[in-house]
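Bear in mind the structure is a predicted one, so any value in this text is a computation, not a measurement. Each chain gets a letter, A, B and so on, in the order its sequence line appears, and its residues count up from 1.
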Number of protein chains: 2
Amino acid sequence: MATQTEPSPQRVPLSKERVLRAAIDLADTEGLGTLTMRRLAQELGVEAMSLYYHVANKEELLDGMVDVLGTEINERVEQIEEASDWKTAMRDRILTARKVMMLHPWAPTVLESRTNMQLSIILYFEALLGLFRKGGFSYDLAHHAMHALGSRALGFTQELFDPGEDSGDDDSMAMLEQMADQLPNLVGMLMEITHDGPEDTLGWCDDQTEFEFGLDLLLDGLDRTLHKT
Amino acid sequence: MATQTEPSPQRVPLSKERVLRAAIDLADTEGLGTLTMRRLAQELGVEAMSLYYHVANKEELLDGMVDVLGTEINERVEQIEEASDWKTAMRDRILTARKVMMLHPWAPTVLESRTNMQLSIILYFEALLGLFRKGGFSYDLAHHAMHALGSRALGFTQELFDPGEDSGDDDSMAMLEQMADQLPNLVGMLMEITHDGPEDTLGWCDDQTEFEFGLDLLLDGLDRTLHKT
DNA sequence: ACCTGAACACCGTTCAAGT
DNA sequence: ACCTGAACACCGTTCAAGT
C-alpha cells in the first residue's frame, strides 16, 4: 500500500507550525518549566537540534507561541456581536480574551518576557483602540487608557505571590491568630474572607471576580474621564 | 598594628547580609541576567560553593533580596507625614514605594516570580490595609481594592513589551506610514504621541505620568465605591 | 565555623556532517 | 531540504574534604 518514498511510521515532516503547536501543548500540560528544547524535541520524536531548522532559537519559539495565542484570541473575539456602547463592547472583548488566556497558564509570564510585539497582538490592540475611538476617545486619552489597563487589556493580571494551598486549613489559621497583634488588619481581613465563602472560593471563580472588579473600576473611571472634559 | 589573627587583605567573613547586598548591587548594575551564583561569588572574591553556606539555594537568595527591598521601602514610607484623607495618604505611600522600586530594575520580575511572601512585604501590605480601614473601608472592599491595585500597590506595573529604542526615529516613522491602512488607529495614535511631546517623553517621566494616571483612576474609583454603598 | 574542588545533571546553541 | 552527533560554554547544586 505504501508508496515507495514512505520511510517510517510517523513520517510527517516537522514544520514551524507543528513545532509551535507542540510547544504550546507541552507548556499547557507540563508547565513552562519543562518546556526545554530537548524535551520539546523528544515530544516530537526528533533530536533537539532539528528544532533549530524551523526556529532560530528559543526566543523565536516563545515569540511564535505568543503569536498563535494572539491569533486564537482574535478568532474568538471577532465572533462577538459588538455592543453599542464602548464600555460593554470593550468589556466583552477583554473577558473573551481572558477565556483564552486561562487555557494557557504560561501566557502571562511569556508575554511579559517578550521584547518584540507579535502581529496578532498588535492587531488585537488595534481593535481595542478602534473601540475607544468609536466611543469618542481622543488619541491621547486612549493612549492613557491602554497604559492604565496594561495586561488587563489582554485579560490577565500577574498576581504577586500566589499563596498556594495553605490558605484555609487549620494550621495556617492557628498561625494567623499568633500574628494577630503584629498584623491586625491582615489577619482580620483573612479571617473574614476565609470565613465568608468557602463554597465559591475555588481559585478561578474568585480570581474572576477580582479581575472583573478591577476591570470595571478602570472602565468606569475612563468613562467618567471621557465625559468630564 | 595588626592583631595576630588577621589572615589576609580582605578578611571580612561572608554573611547572609553581605551576600544579599552584593546580589542586589550586581542585579542593579549588571541586570538580573548576570546574577548567577558563580558571578556573585566572584564579586565577593570567593568560590561559588561558599554561597551555599549562607543561603540554601538561589530561590532563597531572591527571597532575601526581596526582603531587604521591602525593608528599604518600609523605612522610606515611615518617614512620610500621613495625610488626613485616606486617598492622598495611600497615594503618597505608593509613590514613595515606587521611588525605591525604580532604583532596582530587577524588582518587578523577581517579585512576580516569588512563591513565598517576605515579612517586610507583608508589613507593607498590613500598613496599606490599615490606611484603607482608617478611611472607612470594610474588610471586603479593602480586599477587592488590594487585588485591583495589584502590583501598583508596590509602585510598579510590569509593561508588556517594552518597545526599546525604535520609537521616534525616522525609520520606524516610515514603517508606520506603510502600515497605516491596516493599523489606522495605532498609527494615528503613535503619530500624535510622538509628535506631541518630544521633550518630556524621556522614558521615566513618561512612565511616571502613566503610572499616576492609572493609580488615580483606581483610587478615585475606590473612593466612589466607598461612598456609594 | 567557614570555605573549597571536583563532579553531576542539566541548559541553549554551533558547526560540520550525514541522507 | 531536512535532520543528526559531538562538542562547547554555560547553569544550579551535591558531597566529601579541607582549614
Side-chain angles (χ1 to χ4, degrees), chain A residues 2-27 30-66 106 109-110 113-116, chain B residues 2-27 30-66 106 109-110 113-116:
Chain A
T3 71
Q4 38 176 197
T5 46
E6 262 187 16
S8 78
Q10 11 86 286
R11 75 248 83 95
V12 190
L14 239 42
S15 67
K16 185 158 184 178
E17 172 80 17
R18 272 190 69 216
V19 170
L20 295 181
R21 293 274 169 217
I24 290 175
D25 248 52
L26 184 55
E30 306 263 2
L32 194 57
T34 71
L35 174 61
T36 68
M37 297 305 269
R38 283 167 160 92
R39 175 66 196 277
L40 175 58
Q42 182 185 320
E43 216 73 18
L44 287 160
V46 101
E47 294 302 310
M49 299 70 203
S50 308
L51 300 175
Y52 287 88
Y53 188 83
H54 300 94
V55 118
N57 48 38
K58 195 174 183 181
E59 283 297 285
E60 194 179 296
L61 179 75
L62 295 171
D63 281 346
M65 291 168 70
V66 166
W106 47 269
T109 306
V110 174
S113 75
R114 289 313 74 206
T115 177
N116 302 314
Chain B
T3 70
Q4 37 174 195
T5 48
E6 262 184 16
S8 79
Q10 11 85 287
R11 72 246 86 92
V12 191
L14 239 42
S15 68
K16 185 158 184 177
E17 172 80 16
R18 271 191 70 217
V19 170
L20 295 181
R21 294 272 171 221
I24 289 175
D25 248 51
L26 184 55
E30 307 264 2
L32 194 58
T34 71
L35 174 61
T36 69
M37 298 304 269
R38 283 167 160 93
R39 175 66 196 278
L40 176 57
Q42 180 184 321
E43 217 74 15
L44 287 160
V46 100
E47 295 301 311
M49 299 70 203
S50 309
L51 300 175
Y52 287 88
Y53 188 84
H54 300 94
V55 117
N57 46 40
K58 195 172 183 182
E59 284 296 286
E60 194 179 294
L61 179 75
L62 296 171
D63 281 346
M65 293 168 69
V66 166
W106 47 270
T109 306
V110 174
S113 74
R114 291 312 75 205
T115 177
N116 302 313

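When each of A:R38 and A:E47 is assigned the nucleotide of DNA chain D with its nearest heavy atom, A:E47 is the one assigned upstream, toward the 5' end.
Close to D:dC3, at under 4.0 Å from its OP1 or OP2, lies a side-chain N or O of A:H54. Side-chain nitrogen and oxygen atoms of A:Y53 include at least one within less than 4.0 Å of the OP1 or OP2 phosphate oxygen of D:dC2. B:S50 has no side-chain polar atom (N or O) that falls below the 4.0 Å cut-off from OP1 or OP2 of C:dC2.
In this structure, B:M49 atom CE and C:dG5 atom P are separated by 9 Å, rounded to whole Å. To the nearest angstrom, C1' of C:dA17 lies 19 Å from OH of A:Y52. Per the geometry, CG belonging to A:L14 stands 5 Å off P belonging to D:dC3, to the nearest Å.
Nucleic acid contact for A:M37: sugar-phosphate only, since backbone atoms but no base atoms lie under 4.0 Å from a heavy atom of the residue.
In this structure, the separation between CG on B:L32 and CG on B:L62 is 7.0 Å, given to the nearest 0.5 Å. A distance of 8.5 Å separates OG1 of A:T36 from CD of A:Q42, quoted to the nearest 0.5 Å. Between the OG1 atom in A:T115 and the CG atom in A:D63 there is a gap of 8.5 Å [rounded to 0.5 Å].
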> Can B:L35 and B:E30 be said to form a side-chain contact (heavy atoms from CB on, under 4.5 Å), step by step?
Replying inline: CA-CA 8 Å; B:L35 174 61; B:E30 307 264 2; over 6 Å; no
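Checking D:dT4, C:dT13, D:dT14 against the side-chain heavy atoms of A:N57 singles out C:dT13 as nearest. Side chain of B:P13, nearest nucleotide from D:dT13, C:dC11, C:dC3: C:dC3. Checking D:dT13, C:dG12, C:dC2 against the side-chain heavy atoms of B:K58 singles out D:dT13 as nearest. If you check D:dT13, C:dC11, D:dG12 against the side chain of B:T36, the one that comes closest is D:dG12.
Base pairing in DNA chain D yields stems of at least 3 consecutive Watson-Crick or G-U pairs, both distances under 3.5 Å, namely C:4-8 with D:12-16, C:12-16 with D:4-8.
Annotation for B:V55 and B:E60: closest pair CA-OE2, 3.7 Å, computed over non-hydrogen atoms.
Counting only heavy atoms from C-beta outward, the side chains of A:E59 and A:N116 never approach each other to under 4.5 Å.
A:L20 pairs with exactly one of A:E17, A:K16, A:R18 by the side-chain contact (heavy atoms from CB on, under 4.5 Å) rule, that one being A:K16.
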